[in-house]
K.L.:
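Dropping the structure in here first, questions after.
Keep in mind it's a predicted model, so treat the numbers as computed, not measured.
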Amino acid sequence: MNKDVMDLLHAALRAAKADGLVPEQADPPVLLEVPKRAGQGDFASTMAMALAKDAGKNGREVAEQLTRYMPKEPWLERVDIAGPGYLNFTMAPSYWHRLLANILEQGGAYGGSTIGAGRRVQVEFVSANPTGPLHVGHGRIAAVGDTLARLLEATGHTVEREYYINDLGKQMITLGQSLLARYRQHFGREAPIPEGGYQGEYLRELAKEMAENEGARWLDEPEEEAQRYCTQIASQRLLASIREDLDRFGVGFDVWTSEVALHLDGKVEQALKRLREAGHLYEEEGATWVRTMTFGDDKNRVVIRQNGQMTYFASDLAYHLDKYERGFDEIVDVWGADHHGYAPRVWAGMEALGRPRDRLKIVLVQLVALLRHGKPVSMSTRAGEFVTLRDVLDEVGRDAARFFFLMRRCDNALDFDLELAKAKSEDNPVYYVQYAHARLCSMQRQSADRGLAVPAPSEIDPAPLTLPEEQGLLRQLSLYPAVIEASAQLLEPHRVIFYLQEVAGLLHAYYNKHRVLTQDRTCSLARLALMQAVRTVLANGLTVLGVAAPERM
RNA sequence: GCGCCCGUAGCUCAGGGGAUAGAGCAGAAGCCUUCUAAGCUUCUGGCCGGAGGUUCGAGUCCUCCCGGGCGCACCA
């Protein structure tokens with residue numbers, strides 16, 4: 001997918017429509033692939049074949065006509081029609097020259113685009129209850145959410161990262177009760193952790209801390225008051241610790257929204273009022289329901305329980321309404337896939353509130369299975385023997401953790417092997433990509449020692465770059481902007497990983513086969529320019545993943 | 001039972017309706033007096049879960065079936 005050629009295709013399509021060759025409503029995929037075999041050009045498109053039916057002609061005929069509509073560009077050597085109607089594009093040498101100069105000129109900006117210019121996007125992710133430390137599943141969501149945000153930024157969007165704190169409800173009460181039990185235990189009292197309570201060691205530590213700061217005074221306070229205090233202390237401390245973990249993971253948020261605050265600000269009341277005015281609320285069995293079924297949900301949902309308390313869903317309606325009212329052009333929620341059944345309900349709620357559902361995109365991230373030497377590591381939050389994100393960071397480090405979390409499509413479950421992730425060996429894909437970058441840096445240090453500097457963009461003489469490996473590298477580098485765009489538009493960060501592995505593979509192969517620093521100065525300089533371009537793309541790609549691009553390894 | 005996701009090489013997975021389906025790992029054989037061997041080269045490996053359908057063309061879209069995961073609260 002090369003954006004310059006894609007522009008040509010778009011232009012040809014427009015012209016063909018204007019001329020009536022194809023119907024105005026035809027919307028073929030304007031996509032490019034890199035042909036698998038030599039002799040099929042640098043890029044290929046199937047657009048003509050896709051249009052064949054609408055145009056009432058066969059693919060080859062459409063292809064021929066499209067080439068006539070295509071603007072003539074000096075950097076395009078030729079367009080061939082092949083097979084059932086492929087358009088095969090062969091680029092002129094000047095194209096590769098320009099590409100190379102372009103990458104060196106743009107540096108860290110290469111690959112960025114402006115498709116999102118003027119568009120504000122919110123990405124909400126992690127949003128874990130402050131009832132315990134983040135586990136590996138949160139880690140994957142954090143990596144995905146943050147990388148999506150980076151991708152959207154790279155494509156010109158204005159992005160806000162947001163964490164929604166579920167600091168209200170039964171779980172928070174249970175948390176307080178659990179801490180209170182630990183606190184009492186600390187003073188030698190008989191105090192069981194409540195049914196379904198939090199067993200983790202972290203509450204024992206918190207209880208000890210509380211005893212040191214507050215003494216024994218909470219032993220004598222009334223149960224409910226003590227529990228409320230414990231809930232407050234625990235959620236505060238746990239949230240702080242969650243923030244620390246995320247910080248270490250390279251993930252930061254612009255906005256933290258609290259569910260409690262939503263209620264205090266009257267936002268939940270307001271949302272319910274709106275629903276009531278719109279006629280979407282009704283009473284039944286002493287509860288208040290919203291008619292989400294009208295908007296595609298399986299059943300209607302309770303917003304105010306019999307006991308008068310609001311449900312989590314009520315808060316969430318208010319929360320999402322608030323997001324819409326903050327004026328985002330696009331709202332992205334990143335959820336664990338175990339919440340997938342919740343999505344239709346939220347979309348329905350938004351429609352009931354008169355908001356377009358397609359503005360809210362929900363990315364579902366499947367679970368992480370933690371392995372060690374290929375054997376599963378057991379995880380269970382309640383039993384308290386889970387592996388936390390912090391444990392993983394301690395063991396494998398930020399770069400490997402982020403890379404592994406992003407290696408698979410989000411809708412596939414992920415096997416995360418701790419031993420593999422920290423192996424400083426050939427098996428570890430993180431190092432494969434980072435090593436390519438470090439290698440290039442090392443080479444540049446060598447060339448500097450020999451008095452050879454990477455040429456300035458305007459000084460590049462690409463004439464010596466005639467090897468097929470060099471053409472392959474240039475072709476691959478030219479795809480980068482489209483990879484970033486597609487990853488951002490489809491909300492699929494794994495594409496960047498696969499792309500970078502390919503770049504690294506081509507680089508390593510080239511490196512082993514040919515020397516960059518040779519006796520021939522002109523050739524060395526041309527190759528140095530190419531290597532700088534590869535380095536730039538590797539660095540930019542790793543940056544968008546939040547993974548370091550080391551200069552030495 | 002209903003809904004969503006997944007099923008592609010021995011394993012882990014890419015593959016946006018198009019040309020002869022790819023990569024890594026595992027297995028076999030090679031490559032370091034020269035820019036980092038955390039690397040490279042070559043070989044082996046496939047009824048894309050199954051059956052129908054749509055299409056000039058299906059791993060990709062539709063229907064059904066089988067197998068696995070996750071959901072189906074007046075929990076969050």
K.L.:
For the pair A:Phe295 and A:His280, name the ring-plane relationship: parallel under 30°, tilted 30 to 60°, perpendicular over 60°.
P.N.:
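It falls in the perpendicular class, over 60°.
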K.L.:
Determine the interatomic distance between P on B:U55 and the same-named atom on B:G15; round to the nearest Å.
P.N.:
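One P to the other, the span is 28 Å.
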K.L.:
Should A:Lys57 and A:Glu64 count as an ion pair when the cut-off is N to O under 4.0 Å?
P.N.:
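No salt bridge links A:Lys57 with A:Glu64.
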K.L.:
Does the side chain of A:His494 get closer than 4.0 angstrom to OP1 or OP2 of B:C13 through an N or O atom?
P.N.:
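Indeed not, no polar side-chain atom of A:His494 lies that close.
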K.L.:
At 4.0 Å (heavy atoms only), tell me whether A:Ala44 reaches a base, stays on the sugar-phosphate, or touches nothing.
P.N.:
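The answer is base, as A:Ala44 lies within the cut-off (heavy atoms under 4.0 Å) of a base atom.
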K.L.:
Mind checking A:Arg37 for me? I need base, sugar-phosphate or nothing, with any heavy atom below 4.0 Å counting as a touch.
P.N.:
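If one applies the 4.0 Å heavy-atom cut-off, A:Arg37 turns out to touch a base.
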K.L.:
Give A:Gln309 one of three labels, base, sugar-phosphate or nothing, depending on what nucleic acid heavy atoms sit under 4.0 Å from its own.
P.N.:
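It contacts nothing in the nucleic acid.
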K.L.:
Could you measure between the two P atoms, the one in B:G16 and the one in B:A73, and give it in whole Å?
P.N.:
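Their P atoms lie roughly 35 Å apart.
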K.L.:
Provide, to the nearest angstrom, the distance between the NZ atom belonging to A:Lys36 and the P atom belonging to B:G15.
P.N.:
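Taking atom P of B:G15 as the reference, NZ of A:Lys36 is at 14 Å.
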K.L.:
In whole angstrom, what separates A:Met407's CE from B:A23's P?
P.N.:
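Answer to the nearest Å: 18 Å.
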K.L.:
Would you mind telling me which of B:A21, B:C35, B:G39 lies closest to the side-chain atoms of A:Asn512?
P.N.:
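Among the listed nucleotides, the one closest to the side chain of A:Asn512 is B:G39.
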K.L.:
Set out, line by line, the N/O atom pairs under 3.5 Å between protein and nucleotides 73-76 of chain B.
P.N.:
residue, atom, partner, partner atom, Å
B:A73, O5', A:Lys299, NZ, 3.4
B:C74, O2, A:Gln306, N, 2.8
B:C74, N4, A:Glu285, O, 3.2
B:C74, N4, A:Glu285, OE1, 3.2
B:C75, OP2, A:Arg305, NE, 2.7
B:C75, OP2, A:Arg305, NH1, 2.0
B:A76, OP2, A:Tyr312, N, 3.1
B:A76, O4', A:Gln171, NE2, 3.4
B:A76, O3', A:Leu168, O, 3.1
B:A76, O2', A:Asn129, OD1, 3.1
B:A76, O2', A:Asn129, ND2, 2.8

K.L.:
Which pairs pass side chain to side chain donor-acceptor pair (under 3.5 Å) with one or both residues in residues 35-46 of chain A, sequence neighbours excluded?
P.N.:
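Every pair satisfying side chain to side chain donor-acceptor pair (under 3.5 Å) with a residue in residues 35-46 of chain A: A:Asp42-A:Arg475.
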K.L.:
At under 4.0 Å, does any side-chain N or O of A:Lys513 touch on OP1 or OP2 of B:C40?
P.N.:
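A:Lys513 to B:C40 OP1/OP2: no side-chain N or O under 4.0 Å.
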K.L.:
Examine the base of B:A23 for any acceptor or donor lying under 3.5 Å from a partner atom in the side chain of A:Gln501, and report the outcome as yes or no.
P.N.:
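Looking at the base of B:A23, it does not pair with any donor or acceptor on the side chain of A:Gln501 (distance under 3.5 Å).
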K.L.:
What form does the base of B:C13 take, syn (within 90° of 0) or anti?
P.N.:
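B:C13: anti.
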K.L.:
Enumerate all atom pairs, one protein N or O and one N or O from nucleotides 53-59 of chain B, separated by less than 3.5 Å.
P.N.:
none

K.L.:
Does a donor on one side chain and an acceptor on the other come within less than 3.5 Å for A:Ser315 and A:Glu259?
P.N.:
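Yes, a side-chain donor-acceptor pair sits under 3.5 Å.
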K.L.:
Considering only the P atoms, how many Å lie between B:G59 and B:G53, rounded to the nearest integer?
P.N.:
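Result for the P pair: 15 Å, nearest Å.
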K.L.:
Begin from the C-alpha positions of A:Glu551 and A:Arg535 and carry the test salt bridge (Lys or Arg N to Asp or Glu O under 4.0 Å) through to its verdict.
P.N.:
CA-CA 10 Å; A:Glu551 298 196 0; A:Arg535 175 185 168 176; 3.5 Å; yes
K.L.:
Please state the C1' separation for the pair B:G27 and B:G45 - nearest whole angstrom.
P.N.:
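It comes out at 9 Å once rounded to the nearest Å.
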K.L.:
Counting C-beta onward and ignoring hydrogens, is there a side-chain heavy-atom pair between A:Thr292 and A:Phe313 closer than 4.5 Å?
P.N.:
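Heavy-atom side-chain distance check passes, below 4.5 Å.
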K.L.:
At 4.0 Å (heavy atoms only), tell me whether A:His514 reaches a base, stays on the sugar-phosphate, or touches nothing.
P.N.:
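The answer is base, as A:His514 lies within the cut-off (heavy atoms under 4.0 Å) of a base atom.
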K.L.:
Could you work out which one of B:C35, B:A38, B:C13 sits closest to the side chain of A:Tyr435?
P.N.:
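In terms of side-chain proximity for A:Tyr435, the closest of B:C35, B:A38, B:C13 is B:A38.
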K.L.:
Compare side-chain N and O positions of A:Tyr499 against OP1 and OP2 of B:A23 and report whether any pair is under 4.0 Å apart.
P.N.:
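Looking at the OP1 and OP2 atoms of B:A23, neither is under 4.0 Å from any side-chain N or O of A:Tyr499.
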K.L.:
Please give the distance between the C1' atoms of B:A37 and B:G30 as a whole number of Å.
P.N.:
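Straight-line distance between the two C1' atoms is 14 Å.
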K.L.:
For A:Tyr510 and for A:Leu414, find the nucleotide of RNA chain B with the closest heavy atom, then tell me which residue's nucleotide is more 5'.
P.N.:
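The answer here is A:Leu414.
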K.L.:
Heavy-atom count around A:Arg521 CZ within 6.0 Å, excluding the residue itself: above 12?
P.N.:
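Result for CZ/A:Arg521: open.
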K.L.:
Which residues pass the side chain to side chain donor-acceptor pair (under 3.5 Å) test with A:Arg276, sequence neighbours left out?
P.N.:
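If we apply the side chain to side chain donor-acceptor pair (under 3.5 Å) test to A:Arg276, skipping adjacent residues, the hits are A:Glu283.
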K.L.:
Would you give the length of the straight line joining atom CD of A:Glu470 to atom CG of A:Leu530, rounded to the nearest 0.5 angstrom?
P.N.:
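With rounding to 0.5 Å, CD (A:Glu470) is 6.0 Å from CG (A:Leu530).
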K.L.:
In terms of the nearest nucleotide of RNA chain B, which residue is placed more toward the 5' end: A:Thr46 or A:Ser447?
P.N.:
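Looking at RNA chain B, the more 5' nearest nucleotide goes with A:Thr46.
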K.L.:
What nucleic acid atoms does A:His340 come within less than 4.0 Å of, heavy atoms only: base, sugar-phosphate, or nothing?
P.N.:
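Base, at least one base atom sits under 4.0 Å.
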K.L.:
Could you tell me whether the side chain of A:Arg495 has a donor or acceptor atom within less than 3.5 Å of a complementary atom in the base of B:G16?
P.N.:
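Indeed, a donor on one side and an acceptor on the other fall under 3.5 Å apart.
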K.L.:
By the 4.0 Å heavy-atom rule, please label A:Glu551 as base, sugar-phosphate, or nothing.
P.N.:
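Base: the residue A:Glu551, judged by heavy atoms under 4.0 Å, touches a nucleobase.
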K.L.:
Write down the distance separating the P atoms in B:C40 and B:C6, rounded off to the nearest Å.
P.N.:
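Those two atoms are separated by 32 Å.
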K.L.:
Among B:A37, B:A19, B:G16, which nucleotide sits nearest the side chain of A:Leu490?
P.N.:
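Closest of the options to the side chain of A:Leu490: B:G16.
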K.L.:
Quick one, A:Met310 and A:Arg305 - any side-chain contact, counting heavy atoms below 4.5 Å?
P.N.:
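A:Met310 does not reach A:Arg305 side chain to side chain.
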K.L.:
Report the secondary structure of RNA chain B in dot-bracket form, marking unpaired bases with a dot and bases paired to a different strand with |, and treating Watson-Crick or G-U pairs with both distances under 3.5 Å as paired.
P.N.:
(((((((..((((....[...)))).(((((.......))))).....(((((..]....))))))))))))....
K.L.:
Between A:Ile484 and A:Ser113, is any pair of side-chain heavy atoms under 4.5 Å apart?
P.N.:
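Result no, sub-4.5 Å side-chain heavy-atom pair not found.
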K.L.:
When the distance from CG of A:Leu51 to P of B:G17 is rounded to whole Å, what number comes out?
P.N.:
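So the CG-P distance, A:Leu51 to B:G17, works out to 14 Å.
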K.L.:
Calculate the interatomic distance between A:Glu502 atom CD and B:C40 atom P; express it in whole Å.
P.N.:
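It works out to 14 Å between those atoms.
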K.L.:
Please work out which of the three classes, parallel, tilted or perpendicular, describes the rings of A:Tyr319 and A:Tyr164, given edges at 30° and 60°.
P.N.:
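Parallel, since the angle between the ring planes stays under 30°.
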K.L.:
Tell me whether the count of non-hydrogen atoms from other residues, nucleotides or ligands lying under 6.0 Å of CD in A:Glu284 goes above 12.
P.N.:
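Above 12, so yes.
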K.L.:
Do the side-chain N or O atoms of A:Asn88 get closer than 4.0 angstrom to the phosphate oxygens (OP1, OP2) of B:A19?
P.N.:
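So the side-chain polar atoms of A:Asn88 never come under 4.0 Å of the phosphate oxygens OP1 or OP2 of B:A19.
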K.L.:
Identify whether any heavy atom of A:Ala438 sits under 4.0 Å from a base atom; if not, whether one sits that close to sugar-phosphate; answer base, sugar-phosphate or nothing.
P.N.:
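Since a base atom lies under 4.0 Å of A:Ala438, the category is base.
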K.L.:
Using atom CE of A:Met293 as one end and atom P of B:G3 as the other, report the distance to the nearest whole Å.
P.N.:
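Going from A:Met293 (CE) to B:G3 (P), I get 14 Å.
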K.L.:
Just jot down the side chain to side chain donor-acceptor pair (under 3.5 Å) partners of A:Trp335, sequence neighbours excluded, or say none.
P.N.:
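Partners of A:Trp335 under the side chain to side chain donor-acceptor pair (under 3.5 Å) test: A:Asp333.
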K.L.:
If I pick the P atom on B:A26 and the same atom on B:G69, what distance separates them, to the nearest angstrom?
P.N.:
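Approximately 29 Å lies between the P atom of B:G69 and that of B:A26.
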K.L.:
Is it the case that the side chain of A:His437 and the backbone of A:Gln434 share a donor-acceptor pair, with hydrogens and angles ignored and the cut-off at 3.5 Å?
P.N.:
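No.
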K.L.:
Of the nucleotides B:C35, B:A38, B:A14, which has the atom closest to the A:Ser442 side chain?
P.N.:
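Side chain of A:Ser442 sits closest to B:C35.
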K.L.:
Given the C1' atoms of B:G67 and B:G50, what is the spacing between them in whole Å?
P.N.:
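Their C1' atoms lie roughly 11 Å apart.
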K.L.:
Let's see if you can work this out: which of B:C70, B:G16, B:A14 has an atom nearest to the side-chain heavy atoms of A:Ala486?
P.N.:
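Side chain of A:Ala486 sits closest to B:G16.
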